[in-house]
Protein chains: 2
Amino acid sequence: MCTVVRMSGERRPRRHDPGRRDRLIDAALHVIAERGVAATTHREIARAADVPLGSMTYHFASLDEVLAEAFTRHANAAADIFDERLGAATDRASAVEAVVTLIRDDLIGSPNELVMAVELYVAAARNPALRAVTQAWMQRSRDALQRHFDPTTARELDALIEGLVLHSVLSTDPMTPDQIRHAVERFLR
Amino acid sequence: MCTVVRMSGERRPRRHDPGRRDRLIDAALHVIAERGVAATTHREIARAADVPLGSMTYHFASLDEVLAEAFTRHANAAADIFDERLGAATDRASAVEAVVTLIRDDLIGSPNELVMAVELYVAAARNPALRAVTQAWMQRSRDALQRHFDPTTARELDALIEGLVLHSVLSTDPMTPDQIRHAVERFLR
DNA sequence: CACTCATGCGTACGACCGTACACATGATGC
DNA sequence: GCATCATGTGTACGGTCGTACGCATGAGTG
């Protein structure tokens with residue numbers, strides 16, 4: 001009778017767990033999107049990742065560090081999507097098409113995208129480290145647009161995209177793909 | 001010797017204080033703009049209004065109620081500005097001018113304006129009452145624009161304005177008035 | 001002036017927070 | 001197999017929060 005009896009629900013046996021830090025950052029992202037930065041606590045992230053509370057302070061110096069890394073990861077992923085969509089375009093017409101698709105499928109289509117962006121903006125308003133993340137993200141978006149449009153147009157278009165997504169998601173009647181296309185083409189006309 | 005001695009710093013004598021509720025809402029607005037919704041607590045608001053903590057629970061059923069009233073007040077004030085600026089315009093050219101002035105002076109010019117908007121968007125993401133406030137605000141902006149532009153244009157222009165303000169304020173190099181004018185005129189051309 | 005009672009306030013409670021740190025644990029070298 | 005020690009965890013502390021509620025207070029009435 002030397003087997004260890006596990007009372008109350010299966011103990012977690014993982015001791016050495018490389019990549020746990022990564023999983024914690026992903027868990028943090030999930031919590032931010034689901035519950036908001038305000039509800040993103042050490043305990044909540046640990047629960048989401050099924051990891052003991054002490055593991056948080058072991059892997060991160062502070063909660064701010066977790067937030068910064070999480071937002072950085074998200075911003076990079078979002079910028080990658082921009083690059084992909086626009087990198088596939090060959091001429092101006094397909095670039096316009098890429099922008100419409102981007103807005104429809106990647107920005108409005110996955111509702112977390114806007115939540116993450118707005119959460120980041122608010123957090124950045126009080127936290128310089130996050131402001132840098134925001135600015136790097138915006139720069140990458142603009143750069144992607146500049147592959148097909150002149151700098152001034154790229155900047156203005158970038159702003160238009162953000163405004164369209166914001167108003168579409170927050171509005172009671174979201175914009176249809178046709179309305180989005182109309183707005184973009186009108187601006188680039 | 002029957003005078004009351006006030007030790008430790010002048011007691012607040014105001015007992016009957018009509019309009020205190022109003023002042024508390026204003027104090028809440030101030031705290032939100034200054035420190036963010038996350039730091040907006042009963043105690044912080046009471047301190048800002050120089051009022052005892054118990055006064056908060058006396059005047060408001062919950063902290064959410066305070067936030068809702070504060071954001072409602074702010075949204076109305078912001079929409080009033082929209083109305084004013086655009087109401088003064090007589091023809092299309094002066095309407096465009098009004099939009100540019102609005103963006104430059106009232107939206108980018110007073111930096112709290114964007115902070116309040118973004119704080120509201122985040123709060124609204126988790127709170128249906130605030131979502132209604134957001135939507136009413138957007139509706140009033142759009143209505144104001146519709147006094148001079150057709151509904152489709154008004155909606156798209158509204159989104160463009162929001163995007164321009166957002167990107168201008170968050171960017172390291174804010175847009176100049178000329179750049180703003182350029183973007184707006186380009187869209188309305 | 002004395003009494004009454006709606007109005008407004010001080011204080012305390014339970015919950016949750018970030019963080020620190022002593023200790024358990026299992027991988028590693030001998 | 002055993003000693004050692006880096007790695008990971010359980011727990012507790014000080015602080016702040018929202019909210020409730022018994023009591024002080026002063027305006028109004030006679």
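Below, read A as the first sequence line, B as the second, and so on, with proteins coming before strands; counting in each chain starts at 1.
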- Query: Would you say B:Val31 and B:Arg47 make side-chain contact, with heavy atoms under 4.5 Å?
  - Reply: no
- 4.5 Å side-chain heavy-atom contact, A:Pro151 and A:Arg155: no
- Separation of atom CE in A:Met56 from atom C1' in C:dC16, rounded to whole Å: 16 Å
- Query: Taking the six-membered ring of A:Phe187, is the NZ or CZ of B:Arg186 close enough (under 6.0 Å from the centre) and on axis enough (within 45°)?
  - Reply: yes
- Of all heavy-atom pairs between B:Arg142 and B:Ala154, which one has the smallest distance, and what is that distance? O-CB, 4.0 Å
- Message: Expected output is a numbered-order residue list: members of residues 57-72 of chain B with a heavy atom under 4.0 Å from any atom of DNA chain C. What is it?
- Response: B:Tyr58
- Query: Can we say B:Arg104 and B:Glu113 salt-bridge, meaning some charged N sits less than 4.0 Å from an Asp/Glu carboxylate O?
  - Reply: no
- Query: The side chain of B:Arg20 lies closest to which of these nucleotides: C:dG8, C:dT11, D:dT9?
  - Reply: C:dG8
- Using a cut-off of less than 4.0 Å, is there contact between a side-chain N or O of B:Ser55 and OP1 or OP2 of C:dG8? no
- Note on the structure: Within residues 30-47 of chain B, the residues having a heavy atom closer than 4.0 Å to DNA chain C are B:Arg43
- Item | Interatomic distance, B:Arg21 CZ vs C:dG8 P [rounded to whole Å] | 12 Å
- Task: State, to 0.1 Å, how close A:Ala95 and A:His148 come at their nearest heavy-atom pair, and which atoms those are.
- Result: CB-CG, 3.6 Å
- Query: Side chains of A:Val51 and A:Arg23: closer than 4.5 Å at any heavy-atom pair?
  - Reply: yes
- Task: Could you list who else is in A:Leu29's hydrophobic cluster, with ILVMFWY side chains joined at under 4.5 Å, directly or through other members?
- Result: A:Ile32, A:Val37, A:Leu67, A:Phe71, A:Met116, A:Leu120, A:Leu130, A:Val133, A:Trp137
